Amino acid sequence: MNTTRTHSTAAGQPGARDPFGAHLRHWRTRRRLSQLDLAQEAEVSTRHLSYVETGRAAPSREMVLRLAERLDVPLRERNALLVAAGFAPMYRQRSLDDPAMASARRAVDLVLKGHEPFPALAVDRHWNLVAHNALVPMLMAGAAPELVKAPINVLRLSLHPEGLASRIANLAQWRAHLLERLQQQIAATGDTVLQALHDELEAYPTPQVSHDTPAADTELSGVVVPFQLATPNGVLSFISTTTIFGTPVDVTLQELAVESFFPADAQTAAALAALAAQPAG
């Protein structure tokens, strides 16, 4: 690990029955490449690429994969490109609970457990909670019951007025940060479910809270966006990192991310250590 379609009704989004050329044009346009740019990147002639895109020529399986690589198409959509070109999907997609994924699940659980006494969680491509360590329920305490029923969407939980929003000390700053991250993910994947989630979150009213400015400056606040949460133990301030699988060959693994939260100050570190030491229940 390292840090770092089905049929659609969305305008401009190719569906399962659309030809390969439509999918190719969609991704080339999304990546803002001309046919000449892509042809040079993929080391094919512009004329042949034009014929493939317009349906006058059929691509080989090798060419489909080469074009997908140059366009940085996600694995899920590479399967869609292969199917549209008449080939079998190449990348497997299995639940993390599948026995064949046991080693991957153990790796995720190891990362989450090893991060204690600090919070860490794993999410899927739509930001639904997949797994978490013992500290995460503490952060979710007080949210409306319907927001913490599976599947829990962590972005919805964070920004919903009845979720964590009223407890986030730097809500405006954190909200802008999450929406920007989500927009970058949409630009990279073209995922219409993520776009709908973005529109939903953006439409939430901003709660009127007395601490709608950063609760406290930290040494790291100039280089990262902190997550500052009001709790019975005081305002806890975190920075976060995202961990992903580096070279996955499974769709599920490529779309899995681990969010790890680190204390941004000594007071937060001490509060988390005290919480972790409390007996369960």
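What you see is a predicted model; the values in this text were computed from it and never measured. Heavy atoms only: backbone and side chains are in, while hydrogens, waters and symmetry mates are out.
A donor-acceptor pair under 3.5 Å links the side-chain atoms of Thr268 to the main chain of Ser237, judged by distance alone. Under the 3.5 Å distance criterion, the side-chain polar atoms of Arg167 are matched with a main-chain donor or acceptor of Ala230. Arg78 places a side-chain N or O within donor-acceptor distance of the main-chain N or O of Val73, the cut-off being under 3.5 Å. The backbone N or O of Ala134 lies less than 3.5 Å from a partner atom in the side chain of Glu116, making a donor-acceptor pair. Glu162 places no side-chain N or O within donor-acceptor distance of the main-chain N or O of Ala144, the cut-off being under 3.5 Å. The main-chain N or O of Val154 is never found under 3.5 Å from a side-chain atom of Asn128 such that the two would form a donor-acceptor pair. With hydrogens and angles ignored, the 3.5 Å screen pairs a side-chain donor or acceptor of Arg31 with a backbone N or O of Ala188. In this structure a side-chain-to-backbone donor-acceptor pair under 3.5 Å is present from His23 to Gly15. A distance-only check finds a donor-acceptor pair linking the side chain of Thr252 to the backbone of Arg94 [under 3.5 Å]. Formation of a donor-acceptor pair under 3.5 Å by the Asn153 side chain with backbone atoms of His126 is found in this model.
The shortest side-chain heavy-atom distance between Met101 and Leu253 falls under the 4.5 Å cut-off. Val111 is not listed as a side-chain neighbour of Thr243, based on a closest heavy-atom distance of 4.5 Å or more. Put simply, the side chain of Met138 reaches to within 4.5 Å of the side chain of Leu236, judged on heavy atoms. Residues Leu24 and Leu49 form a side-chain contact, since some pair of their non-hydrogen atoms from C-beta on lies under 4.5 Å apart. A heavy-atom distance below 4.5 Å is found between the side chains of Phe238 and Pro119. In this structure, Arg106 and Asp109 have side chains that are not in contact, with every pair of non-hydrogen atoms separated by 4.5 Å or more. Using a 4.5 Å cut-off on side-chain heavy atoms (C-beta onward), Trp174 and Gln228 make no contact. Side-chain contact check for Leu33 versus Trp27: every heavy-atom pair is 4.5 Å or farther apart.
Closest approach of Leu135 to Pro117, counting heavy atoms only: CG-O, 3.2 Å. Closest of all the heavy-atom pairs between Ser158 and Leu178 is CB-CD1, 4.1 Å. Nearest approach of Thr242 to Ala257, heavy atoms of both residues: CG2-CB, 3.9 Å. Here the closest heavy-atom approach between residue Val148 and residue Ala143 is recorded as CG1-CB, 4.1 Å. In terms of heavy atoms, Pro19 sits closest to Ala84 at C-CB, 4.2 Å. Residues Leu112 and Ala122 approach most closely at CD2-N, 4.2 Å, considering heavy atoms.
Side-chain contact, Asp37 with Ser34: a donor N or O sits under 3.5 Å from an acceptor N or O.
Residues Phe87 and Val44 share a single hydrophobic cluster, defined by chaining ILVMFWY side chains whose heavy atoms lie under 4.5 Å apart. Note on Val83: it does not cluster hydrophobically with Phe20, by side-chain heavy-atom contacts below 4.5 Å among ILVMFWY residues.
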query = Taking it one step at a time, do Val251 and Arg76 satisfy side-chain contact (heavy atoms from CB on, under 4.5 Å)?
reply = CA-CA 6 Å; Val251 173; Arg76 179 182 297 272; 3.8 Å; yes
Working for side-chain contact (heavy atoms from CB on, under 4.5 Å), residues Leu182 and Trp127 = CA-CA 10 Å; Leu182 187 54; Trp127 292 86; 4.0 Å; yes
request  = Decide ring pair (Phe, Tyr, Trp, His ring centres under 6.0 Å) for Phe261 and His115; before the verdict, give the C-alpha distance in whole Å, the side-chain angles of both, and the deciding distance to 0.1 Å.
outcome  = CA-CA 9 Å; Phe261 292 85; His115 195 63; 8.3 Å; no
request  = Show your working on side-chain contact (heavy atoms from CB on, under 4.5 Å) between Arg156 and Tyr204 and close with a plain yes or no.
outcome  = CA-CA 10 Å; Arg156 182 178 291 115; Tyr204 287 163; 3.3 Å; yes
Working for side-chain contact (heavy atoms from CB on, under 4.5 Å), residues Leu194 and His198 = CA-CA 6 Å; Leu194 289 177; His198 181 279; over 6 Å; no
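Taking the ring-ring contact (aromatic ring centres under 6.0 Å, His included) definition, one finds that Tyr51 meets it with nothing, sequence neighbours left out. Under the salt bridge (Lys or Arg N to Asp or Glu O under 4.0 Å) criterion, Glu202 pairs with no residue, sequence neighbours left out. Here His132 pairs with nothing under the ring-ring contact (aromatic ring centres under 6.0 Å, His included) rule; sequence neighbours left out.
The CG atom of Leu129 lies 9.0 Å from the CG atom of Leu157; values are rounded to the nearest 0.5 Å.
Of the options Glu62, Glu69, Arg61, a side-chain contact (heavy atoms from CB on, under 4.5 Å) to Leu65 is made by Arg61 and by none of the others.
Residue-environment remark: CZ (Arg181) exceeds the threshold of 12 foreign heavy atoms within 6.0 Å.
One finds no salt bridge joining Arg125 and Glu77 here, because no Lys/Arg side-chain nitrogen approaches an Asp/Glu carboxylate oxygen to under 4.0 Å.
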